[in-house]
Amino acid sequence: MLVDRFGRRITNLRIAVTNRCNLSCIYCHREGEVNPGEEMHVEEISRISKAFYELGIRKVKITGGEPLLREDIVEIVQSFPPFDEISITTNGTLLARMADELKDAGLSRVNVSLDTLKEDTYGFITGGGNVQKVIDGIEAACNAGLTPVKVNMVVMKGLNENEVENMLEFTSKFNRGRIDVILQVIELLKLPGLEEYYYDISPIEERYAGKAKAVIVRSMHMRRQYVLDNAAIEFVKPLDNSEFCMHCNRIRVTSDGKIKPCLLRNDNLVDVRGLDGRELKEAIMRAVTLREPYFCDRD
Ligand SMILES: Nc1nc2c(ncn2[C@@H]2O[C@H](COP(=O)(O)OP(=O)(O)OP(=O)(O)O)[C@@H](O)[C@H]2O)c(=O)[nH]1
Ligand SMILES: C[S@@+](CC[C@H](N)C(=O)[O-])C[C@H]1O[C@@H](n2cnc3c(N)ncnc32)[C@H](O)[C@@H]1O
Ligand code: SF4
Ligand code: SF4
């Protein structure tokens with residue numbers, strides 16, 4: 001088991017398989033990648049993930065850019081070691097036609113980004129995306145058993161801050177007798193130029209906390225999930241949140257083969273391209289020693 005200098009156990013791997021995307025969301029952090037080099041080939045992704053598996057990692061998240069743009073995405077999923085869970089975070093636009101194949105390849109579940117159900121707002125946020133394709137993708141993922149599907153909603157002032165209840169109603173339509181779709185409400189990470197859209201989601205969380213039938217506190221980031229009638233809602237509030245960072249159990253790999261100890265830093269990357277065997281594992285362990293909570297209480 002990998003444990004960093006702060007006693008944080010690392011159980012999850014996040015691999016960006018591309019930096020390319022078919023949308024251009026106004027807020028995109030691209031998983032913290034800047035000026036990426038050539039994308040890793042499937043063999044490299046497989047080699048790196050096996051090294052992490054041998055070091056005790058049991059869950060992997062595929063992300064990007066838009067992972068479903070990779071023509072070999074099914075091969076990538078098939079090439080993983082036997083992780084307990086393989087999930088993808090996707091914008092959902094290409095999911096409808098791929099859901100069954102991905103399930104057969106060994107994918108466990110998906111997160112689908114959908115900030116609004118309003119066509120014009122969705123088009124504005126994503127730079128021209130078609131909301132119906134995403135809805136079709138969510139439906140196909142449910143039918144394929146890629147559940148629970150998490151619908152990622154980044155809340156933005158003046159754009160969708162009043163749509164949480166609508167989105168919850170939308171997810172509850174898929175929950176017949178069990179929770180197949182969870183709404184995940186995400187605080188906007190204020191990249192330069194995004195300040196005007198920032199919206200504090202704490203009052204929204206308080207509102208649903210008051211109505212919850214049960215509360216699940218996740219070991220990852222101590223994130224709270226509230227169980228409601230026929231629905232569930234989780235909150236992701238990283239900003240200035242030392243509790244969130246103290247419970248960060250994930251390590252990242254960039255699309256061009258660098259280990260990234262923290263989403264919000266690029267000054268401590270460890271390049272593992274071309275490494276194998278002991279050298280690769282040593283580089284991974286070096287990256288683990290570079291992990292530090294980004295938001296922490298300082299005197
Ligand atoms: N600051 C910070 N934000 C994160 C981190 N992990 C995820 N996020 C944010 O959380 C949002 C959702 O991420 P997803 O890729 O859907 O995955 P997840 O919800 O973290 O993971 P699962 O619950 O396992 O599906 C994204 O907007 C990320 O920006 C993290 O380690 N640090
Ligand atoms: C970078 S995207 C990559 C995967 C895929 N293209 C997608 O959109 O789901 C991963 C997640 O990060 C979220 N995200 C991107 N930029 C963000 C920001 N500035 N603040 C909060 N979340 C953000 C997206 O909404 C998405 O749910
Ligand atoms: S779909 Fe995902 S990767 Fe593409 S621009 Fe939007 S948030 Fe970024
Ligand atoms: S910002 Fe905090 S939670 Fe996110 S990757 Fe960095 S240390 Fe982990």
Side-chain angles (χ1 to χ4, degrees), residues 1-4 8-21 30-33 36-90 94-95 98-99 101-111 141 146 150 219-221 248-263 265-266 268-291:
M1 162 77 71
L2 293 167
V3 181
D4 70 15
R8 299 179 301 173
R9 293 143 67 101
I10 300 146
T11 53
N12 292 36
L13 175 65
R14 286 177 77 95
I15 304 186
V17 295
T18 184
N19 197 254
R20 292 175 288 130
C21 194
R30 284 290 208 278
E31 298 290 335
E33 280 192 45
E38 197 198 328
E39 276 172 15
M40 286 186 287
H41 301 289
V42 60
E43 298 76 21
E44 298 177 281
I45 295 171
S46 172
R47 187 165 68 231
I48 293 171
S49 61
K50 280 192 179 110
F52 273 104
Y53 182 81
E54 284 164 16
L55 290 166
I57 296 278
R58 288 294 175 268
K59 290 188 178 179
V60 67
K61 166 86 74 197
I62 304 171
T63 179
E66 176 45 44
L68 301 192
L69 282 183
R70 284 276 307 229
E71 283 181 3
D72 55 358
I73 188 67
V74 168
E75 235 181 290
I76 290 173
V77 173
Q78 283 166 338
S79 79
F80 282 133
F83 287 119
D84 294 344
E85 182 182 279
I86 304 172
S87 61
I88 289 185
T89 299
T90 169
L94 305 169
L95 187 57
M98 296 175 79
E101 212 184 341
L102 287 166
K103 177 70 183 178
D104 291 345
L107 191 70
S108 317
R109 63 180 181 90
V110 287
N111 291 10
L146 291 169
K150 294 177 83 176
S219 54
M220 179 173 71
H221 302 142
C248 176
N249 60 6
R250 42 183 45 174
I251 191 152
R252 294 160 188 269
V253 179
T254 64
S255 64
D256 57 355
K258 297 186 176 79
I259 313 245
K260 187 166 168 35
C262 175
L263 169 68
R265 283 178 62 175
N266 278 307
N268 57 357
L269 305 183
V270 176
D271 197 344
V272 294
R273 203 131 205 195
L275 301 187
D276 201 355
R278 215 176 80 191
E279 266 189 338
L280 176 54
K281 286 198 183 130
E282 279 171 4
I284 291 173
M285 289 188 284
R286 199 162 58 248
V288 168
T289 65
L290 296 173
R291 271 170 53 90

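From a predicted model like this one, the values you see are computed outputs, not experimental measurements.
Scored by the side-chain contact (heavy atoms from CB on, under 4.5 Å) test, Glu38 finds His41, Arg273 as partners (sequence neighbours excluded). Listed by chain and number, the residues in a side-chain contact (heavy atoms from CB on, under 4.5 Å) with Asp72 are Val42, Arg70, Glu75, Ile76 (sequence neighbours excluded).
The minimum heavy-atom distance between Gly257 and Asp271, with the atom names listed, is O-OD1, 3.4 Å. Across every non-hydrogen atom of Arg30 and Gly65, the tightest pair is CD-N, 3.9 Å. Nearest heavy-atom pair, Phe80 versus Ser49, reported as atom, atom and distance to 0.1 Å: CD2-OG, 3.3 Å. Among all heavy-atom pairs drawn from Ile57 and Ile10, the shortest one is CD1-O, 3.4 Å. Nearest approach of Ile259 to Ala287, heavy atoms of both residues: CG2-CB, 3.5 Å. Taking all atoms of both residues into account, the shortest heavy-atom contact from Gly106 to Val77 is C-CG1, 4.0 Å.
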Could you please spell out the steps behind the side-chain contact (heavy atoms from CB on, under 4.5 Å) verdict for Arg109 and Lys150?
CA-CA 9 Å; Arg109 63 180 181 90; Lys150 294 177 83 176; 3.8 Å; yes
Verdict with reasoning, Lys260 to Asn268, per side-chain hydrogen bond (donor to acceptor under 3.5 Å, both in side chains):
CA-CA 7 Å; Lys260 187 166 168 35; Asn268 57 357; over 6 Å; no
Please lay out, stage by stage, how Leu102 and Val74 fare under the test side-chain contact (heavy atoms from CB on, under 4.5 Å).
CA-CA 6 Å; Leu102 287 166; Val74 168; 4.2 Å; yes
From CA spacing to verdict: side-chain contact (heavy atoms from CB on, under 4.5 Å), Glu31, Leu263:
CA-CA 6 Å; Glu31 298 290 335; Leu263 169 68; 4.1 Å; yes
What do the steps show when you test Val3 against Met1 for side-chain contact (heavy atoms from CB on, under 4.5 Å), and what is the final call?
CA-CA 6 Å; Val3 181; Met1 162 77 71; 3.9 Å; yes
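Within the model, atoms OG1 of Thr90 and CG of Leu68 stand 4.0 Å from one another, a figure rounded to the nearest 0.5 Å. Distance CD/Glu66 to CG/Leu94: 6.0 Å, rounded to 0.5 Å. Between Met98 atom CE and Leu146 atom CG the span is 11.0 Å, to the nearest 0.5 Å. Residue Leu107 holds its CG atom at 11.5 Å from CD of Glu101, rounded to the nearest 0.5 Å.
Put simply, the side chain of Phe52 does not reach to within 4.5 Å of the side chain of Ile15, judged on heavy atoms. For the pair Met40 and Ile48, the minimum side-chain heavy-atom distance is below 4.5 Å. Leu2 has its side chain within reach of Ile284: a pair of non-hydrogen atoms, C-beta onward, lies under 4.5 Å apart. Residues Ile251 and Arg14 form no side-chain contact, since every pair of their non-hydrogen atoms from C-beta on lies 4.5 Å or further apart. Under the 4.5 Å side-chain criterion, counting only non-hydrogen atoms from C-beta, Asp4 is not in contact with Thr289. Between Ile45 and Val17, the closest side-chain pair of non-hydrogen atoms falls below 4.5 Å. Taking the side chain as every heavy atom from C-beta outward, Glu39 and Asp256 never approach each other to under 4.5 Å. By the 4.5 Å heavy-atom criterion applied to side chains, Cys248 and His221 are counted as neighbours.
Evaluation of the salt bridge (Lys or Arg N to Asp or Glu O under 4.0 Å) test over residues 45-62, restricted to residues two or more places apart or in two chains, returns Glu54-Lys281.
Checking side-chain atoms of Asn111 against main-chain N and O of Thr89 turns up no donor-acceptor pair under 3.5 Å. Judged purely by atom type and a 3.5 angstrom limit, Asn266 uses its side chain to pair as donor or acceptor with the backbone of Gly32. Arg291 places no side-chain N or O within 3.5 Å of a backbone atom of Cys262 that could act as its donor or acceptor partner.
Remark: Arg9 CZ is loosely packed, at most 12 non-hydrogen atoms of other residues, nucleotides or ligands lying under 6.0 Å away.
A side-chain donor from one of Glu33 and Ser255 sits under 3.5 Å from a side-chain acceptor of the other. Side chains of Ser108 and Glu85: no donor on one and acceptor on the other come within 3.5 Å.
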